[in-house]
Amino acid sequence: MSFPLLTATAALPALGAVATAAVPAARRTAAKWLALLVSLATLALAIAVVVRFDPGGDRYQLTESHAWIKDFGVRYELGVDGIAVALIALTALLIPFIILAGWHDADPLETGSRRWRPTQGFFALILAVEAMVILSFEATDVFLFYIFFEAMLIPMYFLIGGFGDRAHEHGEQAAATQRSYAAVKFLLYNLVGGLIMLAAVIGLYVVAGNFSLTEIAEARANGSLDMATSTERWLFLGFFFAFAVKAPLWPLHTWLPNAMQESTAPVAVLITAVVDKVGTFAMLRFCLQLFPEASKWATPAILVLALISIIYGALLAVGQRDIKRLIAYASISHFGFIIMGIFAMTSQGQSGATLYMVNHGLSTAALMLVAGFLISRRGSRLIADYGGVQKVAPVLAGTFLIGGLATLSLPGLAPFVSEFLVLVGTFARYPVIGIIATFGIVLAALYTLVLYQRTMTGPVKPEVSAMPDLRVRELVVVAPLVALLIVLGVYPKPVTDIVNPAVEQTMSDVQKKDPRPEVEAAK
């Protein structure tokens, strides 16, 4: 029996979470190092997954299948395609940086006579989220996927509500109230989406008789599973609703700005760069593969919602006074681009959407983590409390600028390639949608450059005059992310070579071909 690499990649952080939580309270530093070492070992396993994956081979590789709940046809089935491999690599890559960036975020504080923010719990919860996200990317049994899709809400709830941002202009009591509100809102939105999906999962079992993604998809393809049109559409809507909440897609997005604002910067990165990717990934894996006709039926409405997300998120980002809320609304706009690329039903759009998931994770991580370092120095999230930072902390300002330029998809940085592919793929089939979506790029330039101007340029404010520049640990976090943004900006081929075969198979699932360009023949 071959080594269960996929199981090991998810089990290692899960076991690491238990071990980290069990470290004695007096050994906080040991807990941090243990969590970091576990995350690096998980990254090594993720690299092994990438190396062993053959883009020209079977659709699902490194598969594992074991009986679990025989009476209900539930199996422990794992397998990865190119899209899953890319996102597993992104997740495993970001977690060590998240841990390093949050090295002191959960150090105990004295609040009256009460100690709080247990360090071991903070890092254990991060590893638990990593394990559940990786299993969500690997699961090819619908019920197994659902379990971890929902289970990740529990550690995320405690990370948001119990380990929130210390920077609050109205004091600790107000901060605790806002954290609790953000955590509950996050949980309720996602639980509602999950409950609706559960009904759809049960309905799918009633229709198909099992939960195996590969068996159901094969039965749909060869005609042995004939699903009524109305049934398929209702099941599709049940799945899509849950994924749209997680993504997040307008108008189901309102939990994200609160959650990111009240979280520490590393947890905010965990939310938008890692956890939210499960929603867009699941649209590709489950919605399009299980319900191809319903996906095509819903495409016009979904494209309109994605377009609203792009413009709405960017417009609200322009008007924000809080740095973290600005980045949150910018992410809503970016997720609009990702969903638009998925449902454009073109190979360029879906390749761009998958690449966008990876690049958005890198660019948001770079920008948000540097913003977190900035906020921890000044003790405020308000843009108006900054000014002239580039004169006292030029390295911090420079990395902040690169993260911002990546967010606005500057040519030469990684997000440009993915955004360009999404727009080209959308324009090829839906030119009006593609043209309107380009205004999101203009607005991105506006909110990014205005943010940089107001925080980094101009006269040095007295409150930032003694601000230190990035320290060694912080440079170790930021420098690799900046390097990856530049490398993938000029040479995205390693990622596209992995994801393109999976995109072609998804296009085959929905029986769509790229539209032929209408070019007048040369005379």
Distance-only, no hydrogens or angles: does the [X] side chain make a donor-acceptor pair with backbone N or O of [Y] under 3.5 Å?
X	Y	answer
Arg285	Ala139	yes
Glu419	Ser409	no
Thr91	Leu87	yes
Asp81	Ala84	yes
Thr20	Ala17	no
Thr448	Ala445	no
Ser309	Trp250	yes
Thr364	Gly361	no
Ser295	Cys287	yes
Lys277	Val358	no

So, do [X] and [Y] sit near enough that their side-chain heavy atoms are less than 4.5 Å apart?
X	Y	result
Arg59	Gln289	yes
Val417	Tyr356	no
Ser263	Lys324	no
Met132	Ile147	no
Phe343	Met283	yes
Glu138	Phe145	no
Phe241	Met197	no
Val133	Val275	yes

Pairwise distance [atom1]([X]) to [atom2]([Y]) - rounded to 0.5 angstrom:
X	Y	atom1	atom2	result
Asp141	Asn210	CG	CG	8.0 Å
Ile436	Met340	CD1	CE	10.5 Å
Thr7	Ile134	OG1	CD1	11.5 Å
Leu93	Ile98	CG	CD1	9.5 Å
Ile308	Leu303	CD1	CG	11.5 Å
Ser333	Leu408	OG	CG	11.5 Å

Between [X] and [Y], does the ring centre distance come in under 6.0 Å?
X	Y	value
Tyr157	Phe186	no
Phe335	His253	no
Trp68	Tyr76	no

Between [X] and [Y], what is the shortest heavy-atom contact and its length?
X	Y	value
Ala242	Gly194	CB-N, 4.3 Å
Ala67	Arg75	N-NH2, 3.7 Å
Ser351	Asn500	OG-OD1, 2.7 Å
Leu235	Ala200	CD2-O, 3.4 Å
Pro501	Asp497	CD-O, 3.3 Å
Ile342	Gln350	O-NE2, 3.1 Å

Problem set entry | Aromatic ring pairing Phe236/Phe291, orientation class (parallel under 30°, perpendicular over 60°, tilted between) |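 Judged by the thresholds at 30° and 60°, the geometry between Phe236 and Phe291 is perpendicular.
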For this session: May I ask you to decide if the ring planes of Phe243 and Phe286 are parallel, tilted or perpendicular, using 30° and 60° as cut-offs?
Result: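 Geometry flag for Phe286 against Phe243: tilted rings.
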Exercise. Where do Leu355 and Val499 land on the side-chain contact (heavy atoms from CB on, under 4.5 Å) test, with the steps shown first?
Worked result: CA-CA 8 Å; Leu355 189 59; Val499 304; 5.7 Å; no
Problem set entry | Distance-only side-chain donor-acceptor flag, Ser212 / Glu77, under 3.5 Å |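 Yes, side-chain donor-acceptor contact under 3.5 Å.
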Problem set entry | Distance-only donor-acceptor check, side chains Thr407 and Tyr447, under 3.5 Å |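 Side-chain D/A pair, Thr407 to Tyr447: absent.
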For this session: List the steps and the verdict of side-chain hydrogen bond (donor to acceptor under 3.5 Å, both in side chains) for Thr346 and Arg429.
Result: CA-CA 8 Å; Thr346 60; Arg429 200 180 293 279; 5.9 Å; no
Counting neighbours of [atom1] on [X] that are heavy atoms of other residues, nucleotides or ligands and sit closer than 6.0 Å, is the number greater than 12?
X	atom1	result
Phe97	CZ	yes
Phe420	CZ	no
Phe427	CZ	no

Exercise. Given the rule in the side-chain contact (heavy atoms from CB on, under 4.5 Å) test, do Leu256 and Ile271 qualify, once you have shown the distances and angles that lead to the verdict?
Worked result: CA-CA 8 Å; Leu256 182 64; Ile271 294 169; 3.7 Å; yes
For this session: Only counting residues at least two apart or in another chain, list the ones meeting side chain to side chain donor-acceptor pair (under 3.5 Å) with Thr272.
Result: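 Partners of Thr272 by the side chain to side chain donor-acceptor pair (under 3.5 Å) criterion, ordered by chain and then number, come out as Ser331.
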Problem set entry | Working for side-chain contact (heavy atoms from CB on, under 4.5 Å), residues Leu315 and Tyr329 | CA-CA 8 Å; Leu315 282 173; Tyr329 280 109; over 6 Å; no
Exercise. Given Thr254 and Tyr189, is the side-chain hydrogen bond (donor to acceptor under 3.5 Å, both in side chains) satisfied, shown in steps?
Worked result: CA-CA 9 Å; Thr254 59; Tyr189 267 69; 2.6 Å; yes
For this session: Might you work through the side-chain contact (heavy atoms from CB on, under 4.5 Å) test for Phe239 and Leu204, ending with a clear yes or no?
Result: CA-CA 10 Å; Phe239 277 77; Leu204 180 65; 4.1 Å; yes
